[in-house]
There are 4 protein chains.
Amino acid sequence: MGPRLRTAPRKQPTQARATATVEVILQATARLLGKDGYDHLSTNKVAAAAGVSVGSLYQYFPSKEALVAALAERHRERVMGLVLERIAAHVDSPPEVAIREIVRGIIEAHGRDRALHRVLSEQIPRIGKLKTLIEDIEVHAAGAVRAWLERRPHGVRVKDPAVAAFIVSHAVEAAVHAGVLGDAAIDPAVLEDEVVDLVLRYLVK
Amino acid sequence: MGPRLRTAPRKQPTQARATATVEVILQATARLLGKDGYDHLSTNKVAAAAGVSVGSLYQYFPSKEALVAALAERHRERVMGLVLERIAAHVDSPPEVAIREIVRGIIEAHGRDRALHRVLSEQIPRIGKLKTLIEDIEVHAAGAVRAWLERRPHGVRVKDPAVAAFIVSHAVEAAVHAGVLGDAAIDPAVLEDEVVDLVLRYLVK
Amino acid sequence: MGPRLRTAPRKQPTQARATATVEVILQATARLLGKDGYDHLSTNKVAAAAGVSVGSLYQYFPSKEALVAALAERHRERVMGLVLERIAAHVDSPPEVAIREIVRGIIEAHGRDRALHRVLSEQIPRIGKLKTLIEDIEVHAAGAVRAWLERRPHGVRVKDPAVAAFIVSHAVEAAVHAGVLGDAAIDPAVLEDEVVDLVLRYLVK
Amino acid sequence: MGPRLRTAPRKQPTQARATATVEVILQATARLLGKDGYDHLSTNKVAAAAGVSVGSLYQYFPSKEALVAALAERHRERVMGLVLERIAAHVDSPPEVAIREIVRGIIEAHGRDRALHRVLSEQIPRIGKLKTLIEDIEVHAAGAVRAWLERRPHGVRVKDPAVAAFIVSHAVEAAVHAGVLGDAAIDPAVLEDEVVDLVLRYLVK
DNA sequence: AATGAATGAGAATTCATTCAT
DNA sequence: GATGAATGAATTCTCATTCAT
């Protein structure tokens with residue numbers, strides 16, 4: 001599905017100055033990506049916006065894709081961290097509480113860096129290597145949900161925890177994503193109630 | 001958010017030869033889209049792959065986006081047609097039956113032209129006119145679900161049909177999409193049962 | 001010795017207009033190559049000097065190397081033609097006459113398009129695929145000389161015609177090349193006498 | 001004819017460590033020159049391949065050309081040394097002996113570092129300072145031959161020693177170069193006999 | 001209707017070289 | 001002496017689009 005693109009970071013900055021350069025480049029990437037979209041992004045524009053030379057950019061990123069990949073990877077770490085942490089915090093809470101807290105965590109995670117999150121989620125599937133990244137997230141998330149389900153055999157009514165985890169994680173992600181980031185945004189409190197309801201009725205009651 | 005894009009088809013082919021040309025162009029577009037991705041698609045390549053001249057291509061499609069839009073539009077019509085038809089056929093069926101039939105319709109729709117469906121959903125940039133196209137589909141689907149809900153005030157337990165339709169349509173689409181097209185495909189019968197369960201418990205019981 | 005470079009011509013011009021474009025591009029290449037040398041040649045400069053767009057250039061030549069390769073191939077045909085013709089015309093002339101005429105032909109061939117000849121011969125070895133071209137010439141030339149030798153077993157004193165042809169063709173080419181094109185050019189008449197002497201004494205007397 | 005190039009070595013390494021650095025850089029240059037060719041050589045690549053920083057490279061070589069010039073100069077010294085030494089050793093030998101020894105010396109010189117020799121002769125652009133370097137060699141060699149000829153007015157039959165030296169040195173170099181380094185290499189003993197014959201008949205008998 | 005030659009703005013990318021540390 | 005981050009002009013090359021034939 002698309003040719004292989006070079007997304008591997010080119011070299012690690014070792015000096016502090018270099019780290020700052022990489023930082024400033026990624027920030028400019030995020031800004032332009034949010035403003036103009038992926039297609040209108042160009043390495044020259046990014047470099048100019050970051051106030052560094054193109055040469056410096058290419059010292060660290062071999063291509064436009066690599067730029068976006070690095071940004072996505074960073075973002076993924078933050079978002080997944082927030083959600084997994086919430087799941088971990090509620091391994092032993094009663095389902096009603098756990099589910100509400102986790103759903104709220106997901107809604108919050110989508111609320112952070114909305115513009116960046118939106119543009120990344122839209123563009124990522126098109127960027128070869130990044131498909132893997134998004135799949136990692138899904139597998140990761142579904143895995144966590146499954147583990148959560150398997151810990152409470154009596155509290156849930158589900159036959160196959162793997163399938164249920166798969167269904168639930170995709171359904172929740174999509175509903176929250178659309179509800180928070182879509183053009184027709186939904187009031188977060190309502191969204192939370194409804195999604196919790198969706199999940200609770202499917203898994204528990 | 002990008003320059004103004006012309007996506008309206010330029011003219012309708014009237015002669016049989018012209019229809020064949022359009023057909024061959026769209027097929028080449030689909031093929032290249034799958035092979036190289038949207039970014040590496042080019043009108044020249046499409047024309048070459050289709051065995052026609054660029055000039056001929058521009059006779060029918062005013063831009064690269066129009067090419068992809070036409071392909072997507074075509075596919076949308078088939079898929080949405082199948083689903084809306086299923087919804088229409090079950091306006092008055094009992095919820096259990098209606099929901100199962102509709103879900104089955106959605107699963108079937110995703111099964112048709114799997115490769116094309118996957119490519120379109122991954123490769124279409126979610127900006128410009130193409131973005132609108134995609135959002136239209138979502139709004140359309142949610143609208144149909146909402147209408148369906150509003151027809152049966154006593155059969156469903158939902159407070160706000162608009163919100164419920166929104167949640168449900170996104171959740172179902174995502175679960176089915178991932179279940180049918182994802183790397184870890186799920187047995188269609190199991191998928192059907194689980195998605196029906198998800199919807200039924202949320203909307204009805 | 002050096003990476004493989006794309007030197008194959010990209011597409012054949014079919015319309016008269018296209019043929020003219022190719023012609024004008026090659027002429028500009030020759031001009032710039034003679035004036036600035038290979039390293040200072042660039043596709044943009046060539047296009048500008050030819051009065052066509054870069055795009056047109058790339059329609060026919062995939063790289064800078066291809067440009068030079070096409071030029072070299074053309075030049076080779078002319079030069080080799082002139083020399084082989086001279087050899088053919090004197091298959092049956094007495095050695096003294098034949099050798100003088102052939103040597104004169106080679107000197108004349110080097111005299112045509114001196115600047116182009118000089119720059120091509122200097123740059124060709126560096127351009128991957130073109131090594132073959134130059135070797136072709138040598139093999140070709142040595143072959144013709146050998147055939148010439150083998151036709152007159154009694155007139156020549158040579159043991160192994162293949163070796164003698166090899167030695168003679170390289171020696172003559174180098175002496176004439178340096179004598180005609182070198183910074184310290186030699187009077188053509190003197191050059192002719194001396195080279196004829198060199199060859200005649202080696203092969204015949 | 002190209003910008004002014006600085007090819008003079010920047011400074012002499014004085015410490016042992018520095019000498020080793022220079023050595024390692026030149027070796028990397030030779031390796032890359034053989035692998036990628038002159039055009040694809042870059043100071044950054046050379047530094048990386050040599051395991052030193054670009055900064056260090058520029059400490060000793062002020063430009064890319066200087067790098068190649070140093071390599072060529074080194075090789076030239078070895079090769080020319082061997083040949084001139086042989087010429088000097090036979091100033092007073094009878095022509096048959098002298099010529100045979102000198103030709104043998106030239107063949108041996110081409111046999112040393114064949115790969116490097118081939119690469120240098122093919123890849124060095126014949127422009128700018130590097131051109132001069134090459135011409136120096138030719139002039140030097142022709143000069144030595146001329147001096148040798150002028151010392152023995154009675155032993156040789158040549159009218160103009162300068163012209164004869166010019167012809168002979170180019171002819172011999174070309175024949176030996178092709179015979180030793182060409183794709184169709186010739187047995188060194190045969191090569192020696194034939195080249196000696198060529199020279200002897202032209203100059204002496 | 002169809003062709004395909006031509007365009008040229010603009011994107012990606014390299015690389016010799018400098019200089020602060 | 002050595003390092004390697006930074007530079008940016010220059011170059012290669014693509015591609016959507018037009019238009020004469």
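Since we're looking at a predicted model, the values are computed, not measured. Every chain is numbered from 1, with letters handed out A, B, ... down the list of sequences.
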Hydrogens and angles aside, do C:Thr43 and C:Tyr58 bring a side-chain donor and acceptor to less than 3.5 Å of each other? yes
Decide, yes or no, whether a salt bridge links C:Glu73 with C:Arg78 under the criterion of side-chain N to carboxylate O below 4.0 Å. no
Which atom pair, heavy atoms only, marks the closest approach of D:Leu120 to D:His75? CD1-CB, 3.7 Å
Taking atom [atom2] of [N] as reference, at what distance in whole Å does atom [atom1] of [X] sit?
{"X": "B:Asp39", "N": "E:dA11", "atom1": "CG", "atom2": "C1'", "value": "12 Å"}
{"X": "C:Arg17", "N": "F:dA20", "atom1": "CZ", "atom2": "C1'", "value": "6 Å"}
{"X": "D:Tyr58", "N": "F:dA5", "atom1": "OH", "atom2": "C1'", "value": "15 Å"}
{"X": "A:His40", "N": "E:dA11", "atom1": "NE2", "atom2": "C1'", "value": "13 Å"}
{"X": "A:Gln59", "N": "E:dT18", "atom1": "CD", "atom2": "C1'", "value": "13 Å"}
{"X": "D:Asn44", "N": "F:dT3", "atom1": "CG", "atom2": "P", "value": "14 Å"}
{"X": "C:Asp36", "N": "F:dA10", "atom1": "CG", "atom2": "C1'", "value": "15 Å"}
{"X": "A:Leu67", "N": "E:dT13", "atom1": "CG", "atom2": "C1'", "value": "14 Å"}

Paired with A:Phe61, the side-chain contact (heavy atoms from CB on, under 4.5 Å) test is passed by just one of A:Val46, A:Thr29, A:Leu26, namely A:Leu26
Phosphate oxygens OP1/OP2 of [N]: is one of them under 4.0 Å from a side-chain N or O of [X]?
{"X": "B:Ser53", "N": "E:dT3", "result": "yes"}
{"X": "C:Thr21", "N": "E:dA6", "result": "yes"}
{"X": "B:Ser63", "N": "F:dA16", "result": "no"}

Both distances below 3.5 Å, Watson-Crick or wobble geometry, any strand: find the nucleotide opposite F:dG8.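 Pairing partner: E:dC15.
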Paired with E:dA20 by Watson-Crick or G-U wobble geometry, both distances under 3.5 Å: which nucleotide is it? F:dT3
Want to settle it: does C:Leu57 or B:Leu57 sit nearer the 5' end of DNA chain E, counting the closest nucleotide to each?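 The residue closer to the strand's 5' end, by nearest nucleotide, is B:Leu57.
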Between D:Leu33 and D:Tyr38, does a side chain to side chain contact (heavy atoms under 4.5 Å, CB included) hold up when you go through it step by step? CA-CA 6 Å; D:Leu33 204 52; D:Tyr38 181 83; 4.1 Å; yes
DNA chain F: 5'-proximal contact among D:Gly55 and A:Val52 (nearest heavy atom):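 On the 5' side of the pair lies D:Gly55.
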With nearest nucleotides of DNA chain F determined for C:Val54 and D:Gly51 from heavy-atom distances, which residue corresponds to the more 5′ nucleotide? D:Gly51
Look at all strands and tell whether A:Ser56 reaches a base, only sugar-phosphate, or nothing, counting heavy atoms closer than 4.0 Å. base
Need one value for D:Thr43: base, sugar-phosphate or nothing, where a base atom within 4.0 Å counts as base even if backbone is also close, heavy atoms only.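 Counting heavy atoms under 4.0 Å across all strands, the contact made by D:Thr43 includes a base.
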Nearest to side-chain heavy atoms of D:Tyr60, which nucleotide of F:dT3, F:dG1, F:dA5: F:dG1
